[in-house]
**Q** 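Here it is, the structure in full.
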Amino acid sequence: MWLLPMGQDTHVSISSDWSSPSFQGSFLPGTSTITDADFSALWGISYLSRDIPLFLKEYNKDYEYTDALFGVNFFRTVDTYALNTRAVKYAILFLLVSFLTLFLLEIFTKKRIHPVPYLLSGIGNAVFYLLLLSLSEQIPFYTAYFIAALGVTIMVTLYSRSLLPSWKKSWYMGLVVTISYVLLYAVLNTESYALLIGSIGSFVVVALIMFLTRKLDWYRE
């Protein structure tokens with residue numbers, strides 16, 4: 001929405017149920033209120049603060065009236081592709097968590113696991129991002145996220161059952177993957193605290209691994 005101040009004193013009030021306005025142009029609002037549900041803004045512009053004369057004898061087509069325009073754009077803070085981009089930034093962390101979980105299960109169950117299952121586990125988690133992108137182009141993002149996360153979690157859990165001696169051990173793999181996707185979901189929903197949640201989550205993962213492996217003899221075969 002763009003406006004041109006032509007009066008001696010121009011007063012404009014704009015309000016909407018949009019939570020992320022972007023004020024544009026040569027004049028910013030004198031007062032504005034922005035909440036999570038709506039916004040309101042009020043402009044008060046005098047003819048002394050603009051280049052357009054108060055009286056015009058004739059219209060000058062060569063004059064750039066656009067220089068005096070002001071208004072507001074309804075800015076979309078995060079769209080589908082921005083959410084996908086943000087999710088991909090945590091892909092390496094997810095792959096490391098998957099590898100470490102499988103490695104710890106291998107140690108504690110004392111069953112050797114070939115490197116190929118590690119590779120397939122990583123590919124399975126990488127497919128999540130492809131599913132998320134393709135599904136979110138057709139359906140709402142968070143519905144696509146739920147479907148992709150659920151599918152990959154079930155696939156990885158069932159595959160880990162074929163590698164581990166019991167369902168009890170396999171559920172640990174499914175639990176870790178589920179917690180990881182829940183944490184990523186929280187990161188995607190909190191724009192202001194995304195970095196904080198991600199860093200705290202990384203700290204907790206590292207601390208938990210240190211705790212679980214504190215008594216391991218790494219030199220023993």
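Remember, predicted model here, so these are calculated numbers, not experimental data. Below, each value reflects all heavy atoms present in this structure, side chains not excepted, and no hydrogens, waters or symmetry copies.
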**Q** Which heavy atom of Ala149 sits nearest to which heavy atom of Thr153, and what is that distance?
**A** O-OG1, 2.7 Å
**Q** Going by atom types only, do Gln24 and Ser22 share a side-chain donor-acceptor pair under 3.5 Å?
**A** yes
**Q** Taking all heavy atoms of Leu95 and all of Gly122, pick out the closest pair and write down the distance.
**A** CD2-O, 3.2 Å
**Q** Any idea which heavy atoms bring Gly124 and Val152 closest together, and the distance?
**A** O-CG1, 3.6 Å
**Q** Would a single hydrophobic cluster contain both Leu175 and Val206, if residues Ile, Leu, Val, Met, Phe, Trp and Tyr are joined by side-chain heavy-atom contacts under 4.5 Å?
**A**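 Result: no, two separate clusters.
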**Q** Would you compute the distance between atom CG of Leu184 and atom OH of Tyr145 and round it to the nearest 0.5 angstrom?
**A**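 Answer for the CG-OH pair, Leu184 versus Tyr145, is 3.5 Å.
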**Q** Identify the heavy atoms of Gly174 and Thr178 that sit nearest to each other, and give their distance.
**A** O-OG1, 2.8 Å
**Q** So, for Ala144 and Leu132, which heavy atoms are closest and what is the spacing to 0.1 Å?
**A**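 Heavy atoms of Ala144 and Leu132 come nearest at C-CD1, 4.0 Å.
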**Q** Before we go on, tell me: are the rings of Phe146 and Tyr181 under 6.0 Å apart, centre to centre?
**A** no
**Q** Would you check if Ile34 and Phe23 make a side-chain contact, meaning some heavy-atom pair closer than 4.5 Å?
**A**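 In contact.
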**Q** Is there a path of hydrophobic side-chain contacts, each under 4.5 Å between heavy atoms of I, L, V, M, F, W or Y residues, that connects Ile14 with Leu28?
**A** yes
**Q** Linking I/L/V/M/F/W/Y whenever any side-chain heavy atoms sit under 4.5 Å apart, do Leu131 and Val88 land together?
**A**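 Linked, Leu131 and Val88 end up in one cluster.
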**Q** Check whether any side-chain heavy atom of Thr35 lies under 4.5 Å from a side-chain heavy atom of Asp38, and answer yes or no.
**A**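 Side-chain contact under 4.5 Å: yes.
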**Q** Nearest 0.5 Å, please: how far is CG in Leu102 from OG in Ser160?
**A**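 Taking OG in Ser160 and CG in Leu102, the distance rounds to 8.0 Å.
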**Q** Taking side chain to side chain contact (heavy atoms under 4.5 Å, CB included) as the test, write out the residues that go with Ser98, two or more places apart.
**A** Ser121, Asn125, Met173
**Q** Among Ile, Leu, Val, Met, Phe, Trp and Tyr joined by side-chain contacts under 4.5 Å, find the other residues sharing a cluster with Leu42 and list them by chain and number.
**A**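 Its cluster mates, by chain and number: none.
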**Q** Any side-chain heavy-atom pair from Pro117 and Tyr159 closer than 4.5 angstrom?
**A** yes
**Q** For a quick test of reading the model, state the closest non-hydrogen atom pair linking Val97 to Ser180 and the distance between them.
**A**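 Closest pair (atom of Val97, atom of Ser180, distance): CG1-OG, 3.9 Å.
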**Q** For atom CD1 of Ile92, is the number of surrounding heavy atoms from other residues, nucleotides or ligands below 6.0 Å larger than 12?
**A**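 Atom CD1 in Ile92 is not packed in, count stays at 12 or less.
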**Q** Hydrophobic cluster membership, with links at side-chain heavy-atom distances under 4.5 Å among I/L/V/M/F/W/Y: are Leu100 and Val177 in one?
**A** yes
**Q** Can you list everything that forms a ring-ring contact (aromatic ring centres under 6.0 Å, His included) with Tyr142? Sequence neighbours excluded, please.
**A**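 Per chain and number, Tyr142 pairs via ring-ring contact (aromatic ring centres under 6.0 Å, His included) with Tyr185.
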**Q** Answer yes if Tyr129 and Leu120 sit in the same cluster of Ile, Leu, Val, Met, Phe, Trp and Tyr residues linked by side chain heavy atoms under 4.5 Å apart, and no otherwise.
**A** yes
**Q** Output, in order, the C-alpha distance, side-chain angles, deciding distance and verdict of side chain to side chain contact (heavy atoms under 4.5 Å, CB included) for Leu3 and Leu69.
**A** CA-CA 6 Å; Leu3 301 168; Leu69 288 171; 6.0 Å; no
**Q** Roughly how far apart are Phe128 CZ and Leu130 CG, rounded to 0.5 Å?
**A** 11.0 Å
**Q** Does the separation of the ring centres of Phe70 and Trp43 fall below 6.0 angstrom?
**A** yes
**Q** Once rounded to the nearest 0.5 Å, what's the spacing between atom CG of Asp9 and atom CD1 of Ile45?
**A**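 Result: 10.0 Å between the selected atoms.
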**Q** Would the distance check show the side chain of Thr143 and the main-chain N or O of Ile139 forming a donor-acceptor pair, the cut-off being under 3.5 Å?
**A** no
**Q** Among Ser15, Pro21, Ser32, Pro29, which residue satisfies the side-chain contact (heavy atoms from CB on, under 4.5 Å) criterion with Phe39?
**A** Pro21
**Q** Between Tyr118 and Phe103, is the gap from one ring center to the other below 6.0 Å?
**A** no
